[in-house]
Amino acid sequence: MFLKKVALASAAILMSGSAMAACKIDGRVSIVGNEFPAIHAVADGAKACSGGEVKANLTADHQKINVAGMTGNPAEYTSAIIANSSIVALMNEDVIRPLDDLVAKHGKSLKPNQLIKINGEIMAVAFMANAQHLVYRADVLEKAGVEPPKTYEEMLAGAKVIRDKGLLQYPLGGAYKAGWNLAQEFTNMYIGHGGEFFKPGSAEVSINNAQGVATLEMLKALSEYMNPDFLTHDSNATSAEWKAGNVAMMNMWGSRMGPLKDPEQSTAEVVASTTLGAPMTVGGGSTPATTLWWDGWTVAKNTSDADAEATFLAMMNGINPDRLDDEMAPLAVWLIDGYEPTPAAVGVFAAANMNATPYPMLPYQGLLHTALGAEIVDFMQGKESAEKALADVEAAYTAAAREKGFLN
Amino acid sequence: MKHSSFFWFILPTATAMLLFIALPIVSVLIQSVHTPHDAVLIETENCGPFGCTTATTIDQEATRALRDEKPLGKFVGLEIYFDRGHLAITEVAETWRNAESIGGFFADLNNLPFYRAMAFTLTFTFTVTPLMLVFGLMIALGVNALHQRIKGVLIFFSLLPMIVSPLIGSLVLFWMIDSRGILGSALQWFFEDPDLSMKASTGLTWIMLIVYGVWHAAPFSFIVFYAGLQTLPQDTLESAQIDGASRWQQVRYVIIPHLMPLITFVALMQLMDNFRVFEPIVGFNSEAHAASLSWFIFNDLGGETRLLSSAATSSVLTIIGVSILLTPVLIRTWRDFNAKS
């Protein structure tokens with residue numbers, strides 16, 4: 001099998017003399033990034049380059065090390081793979097370089113929508129998109145006589161029917177783990193309600209309003225239909241509950257759909273009836289209660305021009321359209337030229353078509369996210385009112401934003 | 001010892017302590033009274049896969065100019081110490097004014113992260129420390145009374161909880177108490193409550209963390225006490241037996257006084273360790289119910305936007321907390337030392 005692949009690959013290279021064969025670099029490449037299959041595929045492509053050393057450190061803790069690893073001169077990491085939320089930390093610390101000259105020289109094959117432009121300069125090259133959207137068990141919904149929900153209100157009503165009919169005790173799932181995940185669900189739901197996080201043009205937070213209260217109340221109502229341990233369930237634990245057949249509907253990341261549809265990881269019944277849907281709206285709004293995300297790569301500022309060029313070439317090879325084979329294509333919703341949507345991509349495409357809001361790229365959004373993740377937990381446990389929880393979030397955010405110099 | 005030889009003798013130790021203990025503490029202190037400069041924000045147009053938007057970003061050149069001028073940042077004195085994330089002076093004063101009763105005051109205080117973490121940390125420290133001393137002593141006495149042949153095996157097994165890395169140990173227990181795990185399901189069956197979730201209840205989470213803390217730390221006191229028991233003067237013990245002392249009286253009046261210096265040592269170490277409780281909080285995902293200063297530091301450093309001044313402040317507060325905790329024990333040791341000499 002392996003030999004066959006090697007033979008095929010070399011045949012392809014010989015026949016086309018393609019870009020893969022051309023990947024010759026002259027410099028040091030060191031990549032830091034998150035750890036999931038799509039990122040591995042990109043890093044493997046970068047490693048296929050010859051002529052220089054290519055290293056990759058892919059870990060779920062990448063955000064704890066990327067800024068530190070790119071601050072020194074020369075930087076340990078010549079490239080960080082990031083998303084639209086985490087590029088902010090690199091921008092704030094000024095450790096990544098504009099890529100305009102490199103794109104002009106080597107990036108002709110990139111599509112315009114892959115170029116992340118901040119203040120007119122290309123700061124990152126995006127290669128995949130992601131969003132949270134509905135997943136449901138068609139068989140359970142059919143048994144209960146429930147239509148796949150289009151709104152969160154319908155989801156709640158459906159969950160009640162499923163529970164009342166005794167089909168499942170906890171029909172809903174969700175990554176509601178205290179901290180980043182819970183804050184992400186708040187962000188989704190608040191956007192769905194049409195809320196604005198900050199007073200226009202300033203870092204002053206304003207979430208203690210009617211939309212904020214409605215958001216919290218919806219999250220609480222949904223959690224009543226979830227496994228009681230929901231505050232400790234991240235995307236992994238929620239996916240495990242799904243694979244065990246304990247959940248009938250949830251709002252989940254598009255990048256998690258591959259494993260859910262993998263026959264090796266769950267029973268035939270669950271895999272066959274797992275169906276992807278569009279993101280839901282809430283409160284009669286038309287904006288879906290979800291956020292759009294991109295993942296992309298950057299090049300370090302504190303590195304020699306030769307290493308930066310080598311890094312750019314290696315990363316370009318990582319997202320080379322020629323590498324988009326049957327194995328790599330289903331791993332993500334690729335923004336790469338020539339990508340044909342696979343069945344696992346339906347939800348993310350639906351989110352984009354519904355004009356979902358991209359996750360905000362503000363220098364202080366991360367601080368609000370952290371404050372949300374810590375302070376709305378008391379409300380979710382029924383220990384305090386929605387208004388009090390939102391006031392706590394605002395107070396916690398304000399203290400942090402003052403420290404970072406965003407507020408006076 | 002001559003002064004000069006004492007100086008050369010102590011020099012390597014003193015240098016190491018200065019470099020690795022004193023200097024970092026000074027550095028943390030300095031960082032805790034500085035914050036980053038005010039960010040110079042500008043409106044920009046950002047474009048990506050999902051179209052263009054107007055957004056706010058940091059003006060790097062203007063910010064760099066500020067930074068080059070004063071690399072340490074902005075001096076703010078004790079502002080971070082007093083903000084909501086730490087001692088929360090303003091919030092506490094307001095709570096005090098608005099509180100209708102003492103109980104209400106403490107309930108409201110619990111809403112502030114620092115005091116909530118303190119409530120848990122102190123409860124944890126003052127339950128785990130005595131319990132692990134008692135259990136450690138009991139295991140040591142039990143093992144010591146056994147036949148030589150099975151001692152080795154039993155010592156090994158008693159030490160296992162300490163050998164298991166704290167994060168792994170707490171993760172194992174975390175999955176067992178899951179509402180679908182073996183202990184979680186057993187408790188649901190026992191209390192006939194299918195909705196019972198240990199992870200969702202603050203009280204049960206605290207108990208779980210304390211049980212874990214004792215389980216993990218008891219072997220340490222066991223092994224120290226067991227070593228101490230090997231030096232027990234047999235003649236004193238025999239004369240107590242001849243005088244008709246019961247097993248309890250022997251323990252109370254002969255063994256414990258003999259082990260007292262060791263008990264002080266273990267108590268000291270454990271007070272310090274338990275005040276810095278960290279791994280179980282991560283392993284049990286318990287930050288919603290129980291956090292500690294160490295966890296705050298971890299959280300400040302690991303967030304999407306790092307809060308370095310806040311982390312430095314929490315570190316200084318931890319040092320102050322440990323010093324306060326250790327003062328009574330240190331004073332006692334000092335008195336004992338003076339009394340002997």
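In what follows, chains are A, B, ... by sequence order, proteins preceding strands, each numbered from 1. The analysis underlying the following values was restricted to heavy atoms, covering all of them including side chains, and did not include hydrogens, waters or symmetry mates.
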Worksheet item: What's the verdict on side-chain contact (heavy atoms from CB on, under 4.5 Å) for E384(A) and N111(B), showing C-alpha distance, side-chain angles and the deciding distance?
Response: CA-CA 9 Å; E384(A) 63 184 30; N111(B) 192 36; 3.2 Å; yes
Discussion item. Under a 4.5 Å cutoff for heavy-atom pairs, which residue among A89(A), P363(A), G366(A) has the most contacts with chain B?
Written reply: P363(A)
Worksheet item: In terms of heavy-atom pairs under 4.5 Å with chain B, which of D234(A), L335(A), N119(A), D61(A) leads?
Response: N119(A)
Worksheet, complete the sentence: If one checks every heavy atom of I42(B) against chain A at 4.5 Å, the contacting part turns out to be side chain
Worksheet item: Is D378(A) salt-bridged to R116(B), cutoff N-O under 4.0 Å?
Response: yes
Discussion item. Between I122(A), D94(A), N246(A), who has the most heavy-atom pairs with chain B when the cutoff is under 4.5 Å?
Written reply: D94(A)
Discussion item. With side-chain contact (heavy atoms from CB on, under 4.5 Å) as the criterion, how do D38(B) and F406(A) come out once you've worked through the C-alpha distance, each side chain's angles and the decisive distance to 0.1 Å?
Written reply: CA-CA 6 Å; D38(B) 289 345; F406(A) 294 127; over 6 Å; no
Worksheet item: Between N46(B) and K117(A), is any side-chain donor less than 3.5 angstrom from a side-chain acceptor?
Response: no
Worksheet item: Does one side chain, of S179(B) or N227(A), offer a donor that lies under 3.5 Å from an acceptor on the other?
Response: yes
Practice prompt. Could you tell me whether R402(A) and E79(B) make a salt bridge, using a distance below 4.0 angstrom between a side-chain N and a carboxylate O?
Written response: no
Worksheet item: Measuring heavy-atom distances to chain B, does E121(A) have an atom under 4.5 Å in its side chain, in its backbone, in both, or in neither?
Response: neither
Practice prompt. Could you give me the CA-CA distance, side-chain angles and deciding distance for T357(A) and F50(B), then say whether side-chain contact (heavy atoms from CB on, under 4.5 Å) is met?
Written response: CA-CA 8 Å; T357(A) 316; F50(B) 318 118; over 6 Å; no
Discussion item. Please rank D83(B), T56(B), T53(B) by heavy-atom pairs under 4.5 Å with chain A and give me the top one.
Written reply: T56(B)
Practice prompt. Would you check if F298(B) and K64(A) make a side-chain contact, meaning some heavy-atom pair closer than 4.5 Å?
Written response: yes
Worksheet item: Can T202(B) and K383(A) be counted as having a side-chain donor-acceptor contact under 3.5 angstrom?
Response: yes
Fill in: Proximity breakdown for D195(B) and chain A, heavy-atom pairs closer than 4.5 Å
both
Worksheet item: Which atoms of L115(A) come close to chain B, meaning under 4.5 Å heavy atom to heavy atom: side chain ones, backbone ones, both, or neither?
Response: backbone
Discussion item. Can you tell me which portion of E45(B) sits under 4.5 Å from chain A's heavy atoms? Options are side chain, backbone, both or neither.
Written reply: backbone
Discussion item. Taking every non-hydrogen pair under 4.5 Å, which of P49(B), P36(B), G48(B) racks up the most with chain A?
Written reply: P49(B)
Discussion item. With heavy-atom distances below 4.5 Å as the criterion, would you say the side chains of D392(A) and R84(B) are in contact?
Written reply: yes
Worksheet item: What option among D178(B), L301(B), V76(B) has the most heavy-atom pairs under 4.5 Å with chain A?
Response: D178(B)
Response to the item:
If you tally heavy-atom pairs under 4.5 Å between each of E375(A), Q114(A), E93(A) and chain B, the highest tally belongs to E375(A)
Practice prompt. Any chance you could lay out the side-chain contact (heavy atoms from CB on, under 4.5 Å) test for T370(A) and L307(B), step after step, and finish with the verdict?
Written response: CA-CA 11 Å; T370(A) 309; L307(B) 294 171; over 6 Å; no
Worksheet item: With a 4.5 angstrom heavy-atom cut-off, which part of I58(B) approaches chain A: side chain, backbone, both or neither?
Response: both
Worksheet item: Taking the side chain from E403(A) and the backbone from S309(B), do they hold a donor-acceptor pair closer than 3.5 Å?
Response: yes
Discussion item. For the interface with chain B, which of L231(A), L362(A), I65(A), N113(A) has the highest count of heavy-atom pairs at distances below 4.5 Å?
Written reply: N113(A)
Discussion item. For Y364(A), which atoms come within 4.5 Å of any heavy atom of chain B: side chain, backbone, both, or neither?
Written reply: side chain
Fill in: Residue part contacting chain B, namely of H233(A), when any heavy atom lies under 4.5 Å
side chain
Worksheet item: Where is the tightest heavy-atom contact between Y170(A) and P194(B), given as atom of each residue plus distance?
Response: OH-O, 3.8 Å
Worksheet item: Among K177(A), Q365(A), M123(A), who wins on heavy-atom pairs under 4.5 Å with chain B?
Response: K177(A)
Worksheet entry | Short side-chain to backbone donor-acceptor contact, K404(A) and R306(B), under 3.5 Å | yes
Worksheet item: In terms of side-chain geometry, is the basic nitrogen of R180(B) or D229(A) positioned less than 4.0 Å from the acidic oxygen of its partner?
Response: no
Worksheet item: Under a 4.5 Å heavy-atom cut-off, does chain B meet the side chain of A396(A), its backbone, both or neither?
Response: both
